[in-house]
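Keep in mind it's a predicted model, so treat the numbers as computed, not measured. Ligands are counted one by one from 1 in listed order, and the atoms in each one are counted from 1 as well. FYI, the numbering just counts along the sequence from 1.
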Amino acid sequence: MTTDFEKLKQTITSTSVSNEQAKKLQQLIDKLPSILSKLDNPEYDEIFGYRINIASEEYVNVSIRNEILLKFLAADKYDLELATKRIIDTLNWRNEFQPLSAAFEEKFDPELTKLGVITDFGKDGKDNLKVLTWNLYGNIKSPKELFEKYGENGTKVDINNVSKLPGSLFLRWRIGLMERSLALIDFSDSHNNKIGQIHDYKNVSMFKMDPGMKQATSQIIEIFGQNYPELLSIKFFINVPAIMSWVFTFFKKLKIISPETLNKFEVLSGGDLSNWFKRSRLPKEYGGEIGSKSGSNGQTDETIFDIEVSNSEYKIGEYGQVILKRLGDKEIAEINNDVD
Ligand code: HEM
């Protein structure tokens, strides 16, 4: 006969769990009603598009819910109290920030969208390196100008009536990129429950610590560290000019990045990624074989933008759609109230 405990263990397929870890998971599940009752908004029970609630509630996918809870436990080394606090903080943050809106509803200026790409190499990608977010921060001509416009003190542009949502446009764009990449992974798949990230610093000409950029960088590092546990496999920093390697020492000294995250860093002075990814899936500039295309300027090399995941390929989960609809209804109600 299968015991409840064994049944619980069977819901986890992304990794193997010890009895001790499964016990902690069960305790965390048992605490869910109390966790939800402590939230700023007890109705906001969504993480990464999934409902985090008791099994009898509609839309709860028990297996995925457990996989997500396990990530929170693992990030806090199975300390139940710390993991509980992290989940409460994350649910409160998501309620306030509405990351699914940043990912799937809001539209951003090309100045921001040219800084990031998501690719999915599917079965051609190594384990937990199938889905990648590429941050082409080297494309920023002037960090000062960019962060003046899109950083914390920049103009809050009213896009789709979301100006009431918190965060700078840069932050909302960056979180949106992260959330969209998570819509491509499968939390229950041991081969595809994490993403890889690539920071391409090609052409970073001058690197002065612009205050707006410094502020945005530490804010993003903190938000990712708190709210996106156990989701990153490797973070590549490529085309890093030798003269700028001091930045890593700087971040280590600041101690805002956890040692576990620091261990995931892979730093390359060039841009050749063919040791990690199939050459047939990479554009030439990253050591791959993806060739050239003809356009109005004649033959040009294909870029990473030519292989980006298209909008129709993102699968917003059922509950994610419920959350987005709820937000849309709330916005309409607020607009109507303003008109009244
Ligand atoms: C124009 C220049 C740069 C810009 C705009 C920029 C922007 C950012 C941003 C926004 C983040 C937050 C994390 C994220 O978005 O994933 C970040 C993280 C980071 N950057 Fe840069 N960066 C620049 C140059 C550099 C250089 C030259 C280096 C190193 C040589 C560097 C090293 C790092 C490191 C180590 C992190 C922490 C990563 C993490 O914990 O996720 N950055 N950068």
Side-chain angles (χ1 to χ4, degrees), residues 75 93 97 99 102-103 108-119 128-129 131-154 167-182 194-271 273 304:
W93 176 76
F97 195 90
F108 298 98
D109 286 358
E111 277 166 271
L112 290 173
T113 54
K114 74 171 188 203
L115 302 178
V117 175
I118 296 172
T119 58
N128 293 322
L129 275 180
V131 177
L132 303 172
T133 60
W134 301 70
N135 284 306
L136 313 171
Y137 291 143
N139 279 350
I140 301 178
K141 295 261 167 335
S142 158
K144 187 171 178 293
E145 275 171 33
L146 186 102
F147 289 100
E148 266 170 12
K149 193 166 172 195
Y150 299 108
E152 207 51 40
N153 299 321
S168 66
L169 284 177
F170 183 83
L171 180 64
R172 296 201 67 82
W173 162 77
R174 179 67 186 93
I175 297 291
L177 191 77
M178 180 69 174
E179 290 282 331
R180 274 190 291 136
S181 72
L182 298 184
K194 292 183 182 186
I195 61 160
Q197 292 181 349
I198 296 167
H199 280 212
D200 185 350
Y201 288 130
K202 189 170 180 188
N203 298 331
V204 172
S205 49
M206 42 116 230
F207 181 55
K208 291 197 194 111
M209 267 294 186
D210 172 70
M213 171 178 147
K214 203 169 139 191
Q215 196 273 345
T217 302
S218 39
Q219 190 183 30
I220 293 171
I221 292 172
E222 199 193 317
I223 292 176
F224 281 168
Q226 155 61 37
N227 302 293
Y228 294 90
E230 301 290 308
L231 287 162
L232 178 69
S233 52
I234 305 185
K235 187 151 187 153
F236 296 90
F237 295 87
I238 64 170
N239 292 311
V240 175
I243 184 173
M244 283 167 185
S245 43
W246 60 268
V247 177
F248 294 96
T249 323
F250 171 81
F251 275 119
K252 275 180 200 159
K253 281 211 182 113
L254 269 188
K255 293 211 167 73
I256 54 168
I257 305 176
S258 71
E260 288 78 14
T261 302
L262 285 171
N263 279 339
K264 294 174 185 167
F265 286 4
E266 198 70 54
V267 183
L268 306 180
S269 55
L273 287 168
I304 197 70

Which of the numbered atoms in ligand 1 are under 4.0 angstrom from any heavy atom belonging to [X]?
{"X": "F170", "result": "10 (C)"}
{"X": "V240", "result": "30 (C)"}
{"X": "F248", "result": "29 (C), 30 (C), 35 (C)"}
{"X": "I140", "result": "5 (C)"}
{"X": "I220", "result": "10 (C), 12 (C), 13 (C), 14 (C), 15 (O)"}
{"X": "I221", "result": "37 (C), 40 (O)"}

Backbone N or O of [Y] within a donor-acceptor pair of the [X] side chain at under 3.5 Å?
{"X": "S233", "Y": "N128", "answer": "yes"}
{"X": "N239", "Y": "D200", "answer": "no"}
{"X": "D210", "Y": "G212", "answer": "yes"}
{"X": "R180", "Y": "A102", "answer": "no"}

Just to be sure I'm reading this right: ignoring hydrogens, which of [options] gets closest to [atom]? Compare them by their nearest heavy atoms.
{"atom": "atom 34 (C) of ligand 1", "options": "F251, F250, Y137", "value": "F251"}
{"atom": "atom 19 (C) of ligand 1", "options": "Y228, F265, Y201", "value": "Y201"}
{"atom": "atom 41 (O) of ligand 1", "options": "Q197, K235, M213", "value": "K235"}
{"atom": "atom 14 (C) of ligand 1", "options": "K252, K214, R174", "value": "R174"}

Look at the rings of W246 and F250 and say which category their plane angle falls in: under 30° parallel, 30 to 60° tilted, over 60° perpendicular.
-> perpendicular
Using a strict cut-off of less than 4.0 Å between a Lys/Arg side-chain nitrogen and an Asp/Glu carboxylate oxygen, indicate whether K264 and E260 qualify as a salt bridge.
-> no
Looking at side-chain heavy atoms only, is the closest gap between Y150 and E111 below 4.5 Å?
-> yes
Of I304, L273, N135, which is the lone residue that meets side-chain contact (heavy atoms from CB on, under 4.5 Å) with I198?
-> L273
Check: T261 N/O within less than 3.5 Å of ligand 1 N/O | no
